[in-house]
Every structure is written in C-alpha cells, then in structure tokens.
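The model shown is predicted, which means the values in this text are computed figures rather than measured ones. All ligand and atom numbering here is 1-based and tracks the order in the structure.
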Amino acid sequence: MLIVASGVRYCAPFTHRLLNYTSSSPISHFSSRFHYSRNHFLRMERYFSGSSVKKNNAMVGQLQRYGVISSQKVVEVMQTIDRALFVPNGASAYDDSPMGIGYNVTISAPHMHATCLQLLEEHLKPGMHALDVGSGTGYLTACFAVMVGPQGRAVGVEHIPELVSSSIENIQKSNAAPYLKEGSLSVHVADGRLGWPEHAPYDAIHVGAAAPEIPASLIEQLKPGGRLVIPVGNLFQELQVIDKNMDGTITVRSETSVRYVPLTSREAQLGGN
Ligand code: SAH
C-alpha cells in the first residue's frame with residue numbers, strides 16, 4: 001500500500017511555491033540503486049559544504065517569509081533542531097513536504113511542524129509538561145524538550161518499537177541530546193491513544209496522526225489551562241485545537257484541513273488496513 005502525504009495542509013498556497021511540493025511520499029518511488037547514489041551524493045555534499053545548519057535556517061526563513069511562522073520562539077527552536085538529523089539519510093530534509101520513514105508512515109511537512117509548534121507555544125513554556133503522541137522520528141518531541149527546558153518534561157509515545165529506537169538515535173545527534181541524557185525528555189513504546197499517565201497532567205498535547213474521534217484519555221490527561229492539538233477525521237480531517245478551561249470545560253475549534261496517517265492499532269498500520 002502506498003501511503004500518501006501525512007502531516008500536510010490541504011491547499012496551503014505557499015506549499016506550491018516551496019521546493020518540490022508533492023503529495024506523495026517521494027523516496028518510496030526511487031529504485032534502490034538510484035536511492036543509494038542520491039543519498040551518497042547528498043551526504044557528501046553536506047559533509048563538504050557543512051551547510052546543513054545553514055539550509056535548515058533557510059527553510060525556517062522560507063516558512064517565515066510565507067507567513068507560516070510569526071513567533072520568534074518557534075523560529076529559534078526550529079533553528080536549534082536540525083531537521084536533517086530526523087529524516088532518512090540523504091532524503092531532501094528541507095523540502096516542505098512529508099517524507100516516508102518506513103512502517104507506512106511519514107515525518108510531517110515542515111509547515112505542519114511549524115503550525116503545531118505555534119499553536120502550542122504558550123503551553124510549552126519552561127517547566128511545562130508536553131506529550132507528543134505518534135512521535136515518529138522524534139523531531140517535535142525534541143523541539144518540545146528544548147522549549148520546556150530541563151525543569152520541564154517532554155514525552156514521546158510511539159507504537160512502532162523500531163521508530164522509537166531510531167528517534168532516540170536522532171535525538172542523540174541533535175541539540176536536544178542533553179535533555180534525553182538528563183531525563184527531561186523520554187520516548188516510549190505504547191499505544192498513544194491512552195496517553196502517558198505517568199507525567200500527566202500535560203500543558204501541551206500534540207497528536208501526529210489522525211484520530212476518528214478525540215481520545216478521552218488525552219482530554220483527561222490535559223491540565224486545566226492546557227491545550228491539545230490533534231487531527232480528527234478519516235478521509236476528511238481537520239486539525240482541532242482543544243482547550244481545557246480552568247473550570248474543566250472544553251472548548252474545541254478547527255484550525256485547518258489536513259491530511260495525516262491514521263492514529264490506529266499497530267496491526268492495522270502495518271497491515272495497511
Ligand atoms: N509527528 C511525527 C510522526 C508523524 S506520522 C513526525 O513528524 O516525525 C504518525 C506517527 O504516529 C507514526 O509514527 C505512527 O507509527 C504513529 N502512530 C499511529 N497510531 C499510533 C498509536 N495508536 N499509538 C502511538 N503511535 C501511533
């Protein structure tokens with residue numbers, strides 16, 4: 001089964017003008033031979049030019065110019081965490097497009113990561129607790145850890161054990177490595193629909209896969225004053241922003257139409273059902 005884009009906005013105008021926007025997972029189409037030589041070339045190019053960080057900053061600059069990012073805090077964290085460390089070797093890390101990471105899923109497009117960080121910014125202050133459900137490559141979990149700092153807590157939950165292992169390796173190479181070492185960042189193999197009660201309640205919860213409906217456990221684990229950002233739907237999906245008010249009531253609004261892979265069971269995901 002070919003998984004099409006996950007973690008993209010439908011019809012976001014800037015995506016057409018950004019580099020190579022595509023709605024399908026680009027690396028799955030390459031022959032393994034071409035894939036190898038392209039990876040090799042890109043790795044060498046990065047090595048010789050030392051331009052990875054510059055290119056990452058250029059990607060962030062592009063997102064600012066097109067109005068996706070207006071927050072300085074989001075600029076800073078996306079500059080701190082180099083996206084190239086989280087995508088499969090040699091893949092076009094800075095293209096504004098989702099990318100296959102195996103197991104029928106993708107890393108979300110940079111504009112979606114930026115959008116979610118910005119929606120959660122006020123709930124990712126130093127000392128706060130953040131949960132990243134469907135943490136995949138670990139990119140957003142790393143961003144959360146940098147934002148909440150060593151006194152805070154960033155938790156990733158992902159149901160594919162191999163992705164948890166590779167996300168830990170990715171984080172270890174990134175500027176979020178000290179948080180992993182000191183224990184304020186952790187990634188766990190679990191069904192994220194149940195949240196992660198150990199470090200609840202959370203100021204911020206992000207879900208990186210589309211749920212047919214909002215999981216009750218995630219609402220329960222949200223702190224009063226906290227915010228949950230989650231794609232909801234099946235074929236048609238909306239990125240929903242759920243605020244838990246101080247009196248425990250819930251306010252829900254839709255931010256934009258999106259397309260994400262499903263939040264589902266491991267069996268359904270691997271079987272492609
Ligand atoms: N936000 C991540 C990954 C997005 S893809 C990134 O950008 O790298 C969605 C992720 O959700 C996949 O890694 C998938 O394996 C995971 N996922 C899907 N259903 C899940 C569930 N029930 N529990 C935990 N993780 C789940």
Nearest heavy atom to atom 13 (O) of ligand 1: which of Glu158, Gln269, Arg193 does it belong to?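 Heavy atom nearest to atom 13 (O) of ligand 1 belongs to Glu158.
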Among Ser108, Pro98, Gly134, which residue places a heavy atom closest to atom 2 (C) of ligand 1?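 Result: the heavy atom closest to atom 2 (C) of ligand 1 is in Gly134.
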Indicate, as side chain, backbone, both or neither, the part of [X] found under 4.0 angstrom from ligand 1 when only non-hydrogen atoms are considered.
X      : value
Val105 : side chain
Leu140 : neither
Ile101 : neither
Ile160 : side chain

For Lys223, look at atom NZ and say whether over 12 heavy atoms of other residues, nucleotides or ligands are found less than 6.0 Å away.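 Buried by this count: over 12 neighbours within 6.0 Å.
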Side chain of [X], backbone of [Y]: donor and acceptor closer than 3.5 Å?
X      : Y      : answer
His129 : His199 : yes
Ser71  : Val74  : yes
Glu158 : Val187 : no
Tyr202 : Met128 : no

Taking salt bridge (charged side-chain N to carboxylate O under 4.0 Å, His left out) as the cut-off, I'd like each qualifying pair that reaches into residues 159-176, sequence neighbours left out, listed once.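 Matches after skipping sequence neighbours: none remain.
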Heavy-atom contacts with [X] under 4.0 Å: which atoms of ligand 1 show up? List them by number with element.
X      : answer
Leu163 : 13 (O)
Asp191 : 21 (C), 22 (N), 23 (N)
Leu263 : 19 (N), 20 (C), 21 (C), 22 (N)
Thr264 : 19 (N), 20 (C), 21 (C), 22 (N)
Ala190 : 23 (N), 24 (C)
His113 : 6 (C), 7 (O)
Val261 : 5 (S), 9 (C)
Pro262 : 18 (C), 19 (N)

Partners passing ring pair (Phe, Tyr, Trp, His ring centres under 6.0 Å) against Phe86 (at least two apart in sequence or in another chain):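 Ring pair (Phe, Tyr, Trp, His ring centres under 6.0 Å) list for Phe86, sorted by chain: Tyr139.
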Look only at interatomic distance and state if Gly138 has a nitrogen or oxygen under 3.5 Å from any nitrogen or oxygen of ligand 1.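 In this structure, Gly138 places no N or O atom under 3.5 Å from an N or O of ligand 1.
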Could a heavy atom of Met112 be found less than 4.0 Å from some atom of ligand 1?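 In this structure, Met112 fails to qualify as a contact of ligand 1 - no heavy atom is under 4.0 Å.
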Would you check whether Ser265 reaches within less than 4.0 Å of ligand 1, judged by its heavy atoms?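 No, that is not the case, since the closest heavy atom of the residue is not under 4.0 Å from the ligand.
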Under 3.5 Å, is there a donor-acceptor pair between the [X] and [Y] side chains?
X      : Y      : value
Asp247 : Thr249 : yes
Asp191 : Ser265 : no
Glu255 : Thr115 : no

Same cluster for Val87 and Ile101 if Ile/Leu/Val/Met/Phe/Trp/Tyr side chains link at under 4.5 Å?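 Yes, one cluster joins them.
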